[in-house]
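We number each residue from 1, following the sequence as shown.
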Amino acid sequence: MPTAVLTDRERTAVQAYLRLLHTVRAAFDVEGGPPLVPPTVLAEAERALERAGLTGNEEAFFRLLHNWCPEPGP
(Lines give C-alpha, C1' and ligand atoms only; values in the text may rest on other atoms or scores of the structure.)
Protein backbone atom coordinates (compact mmCIF):
# COMPACT_ATOMS: atom_id res chain seq x y z
CA MET A 1 0.00 0.00 0.00
CA PRO A 2 1.50 3.36 -0.97
CA THR A 3 2.67 5.42 1.97
CA ALA A 4 3.71 8.61 0.17
CA VAL A 5 1.69 11.05 -1.89
CA LEU A 6 3.32 11.37 -5.30
CA THR A 7 2.64 13.77 -8.11
CA ASP A 8 1.32 12.22 -11.31
CA ARG A 9 4.76 12.55 -12.91
CA GLU A 10 6.52 10.98 -9.93
CA ARG A 11 4.04 8.09 -9.93
CA THR A 12 4.58 7.60 -13.66
CA ALA A 13 8.35 7.53 -13.11
CA VAL A 14 8.07 4.96 -10.34
CA GLN A 15 5.73 2.78 -12.41
CA ALA A 16 8.03 2.99 -15.45
CA TYR A 17 11.01 2.03 -13.28
CA LEU A 18 9.12 -0.95 -11.85
CA ARG A 19 8.18 -2.10 -15.38
CA LEU A 20 11.84 -1.81 -16.36
CA LEU A 21 12.91 -3.76 -13.28
CA HIS A 22 10.41 -6.55 -13.98
CA THR A 23 11.47 -6.67 -17.64
CA VAL A 24 15.15 -6.98 -16.69
CA ARG A 25 14.39 -9.71 -14.17
CA ALA A 26 12.36 -11.61 -16.77
CA ALA A 27 15.18 -11.22 -19.30
CA PHE A 28 17.62 -12.82 -16.87
CA ASP A 29 15.23 -15.75 -16.40
CA VAL A 30 15.39 -16.62 -20.12
CA GLU A 31 18.05 -19.18 -20.95
CA GLY A 32 20.10 -19.26 -24.12
CA GLY A 33 22.05 -16.06 -24.36
CA PRO A 34 22.53 -12.63 -22.88
CA PRO A 35 19.47 -10.92 -21.43
CA LEU A 36 17.73 -8.61 -23.86
CA VAL A 37 15.77 -5.60 -22.66
CA PRO A 38 13.64 -3.85 -25.26
CA PRO A 39 14.99 -0.33 -25.82
CA THR A 40 11.45 1.04 -25.61
CA VAL A 41 11.16 -0.05 -21.97
CA LEU A 42 14.38 1.72 -21.04
CA ALA A 43 13.42 4.81 -23.03
CA GLU A 44 10.03 4.95 -21.29
CA ALA A 45 11.71 4.94 -17.88
CA GLU A 46 14.21 7.62 -18.93
CA ARG A 47 11.44 9.89 -20.29
CA ALA A 48 9.35 9.45 -17.15
CA LEU A 49 12.31 10.32 -14.91
CA GLU A 50 13.05 13.40 -16.99
CA ARG A 51 9.41 14.60 -16.90
CA ALA A 52 9.35 14.15 -13.13
CA GLY A 53 12.54 16.21 -12.77
CA LEU A 54 14.43 13.25 -11.33
CA THR A 55 17.11 12.80 -13.99
CA GLY A 56 20.48 12.78 -12.26
CA ASN A 57 18.86 12.74 -8.82
CA GLU A 58 18.84 9.04 -8.05
CA GLU A 59 18.80 9.59 -4.29
CA ALA A 60 15.50 11.49 -4.44
CA PHE A 61 14.03 8.98 -6.89
CA PHE A 62 14.90 5.93 -4.82
CA ARG A 63 13.59 7.66 -1.69
CA LEU A 64 10.26 8.16 -3.52
CA LEU A 65 10.33 4.57 -4.70
CA HIS A 66 10.99 3.23 -1.22
CA ASN A 67 8.31 5.39 0.38
CA TRP A 68 5.71 4.44 -2.23
CA CYS A 69 6.59 0.77 -2.56
CA PRO A 70 8.49 -0.37 0.57
CA GLU A 71 10.05 -3.82 0.62
CA PRO A 72 8.05 -6.41 2.53
CA GLY A 73 9.19 -7.18 6.04
CA PRO A 74 10.57 -10.54 7.22
Side-chain angles (χ1 to χ4, degrees):
M1 177 175 203
T3 58
V5 177
L6 304 179
T7 67
D8 288 341
R9 289 181 178 183
E10 290 169 339
R11 187 178 311 103
T12 298
V14 169
Q15 291 170 337
Y17 171 78
L18 292 174
R19 276 192 293 279
L20 174 61
L21 181 63
H22 292 296
T23 300
V24 169
R25 284 182 177 163
F28 275 104
D29 287 343
V30 175
E31 294 183 25
L36 299 175
V37 176
T40 55
V41 176
L42 182 56
E44 174 195 18
E46 289 177 346
R47 283 190 309 272
L49 286 171
E50 185 176 339
R51 283 192 302 267
L54 295 166
T55 302
N57 196 347
E58 290 82 7
E59 184 178 343
F61 172 72
F62 285 111
R63 189 172 33 254
L64 282 174
L65 179 65
H66 178 74
N67 289 335
W68 192 67
C69 186
E71 292 185 32

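- Counted within 6.0 Å of CZ on Arg11, heavy atoms from surrounding residues, nucleotides or ligands total more than 12; the atom is thus considered enclosed.
- For the pair Leu36 and Ala27, the tightest heavy-atom approach, listed with the atom from each and the gap, is O-CB, 3.5 Å.
- To the nearest 0.5 Å, the span separating CD on Glu44 from OG1 on Thr12 amounts to 9.0 Å.
- For the atom pair Arg19 CZ and Leu42 CG, the distance stands at 13.0 Å (nearest 0.5 Å).
- Qualifying salt bridge (Lys or Arg N to Asp or Glu O under 4.0 Å) partners for Arg47, counting only residues two or more places apart in sequence or in other chains: none.
- Taken from CZ in Arg25 to CG in Leu21, the straight-line distance is 4.0 Å, to the nearest 0.5 Å.
- Under the ring pair (Phe, Tyr, Trp, His ring centres under 6.0 Å) criterion, the residue pairs touching residues 35-64 are Tyr17-Phe61, Tyr17-Phe62, with sequence neighbours excluded.
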(request) Check step by step if side chain to side chain contact (heavy atoms under 4.5 Å, CB included) holds for Val37 and Leu20. (result) CA-CA 8 Å; Val37 176; Leu20 174 61; 4.0 Å; yes
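- When every heavy atom of Ala16 is checked against every heavy atom of Ala45, the shortest pair comes out as CB-CA, 3.8 Å.
- In terms of the side-chain contact (heavy atoms from CB on, under 4.5 Å) criterion, residue partners of Glu50 (sequence neighbours excluded) are, by chain and number, Thr55.
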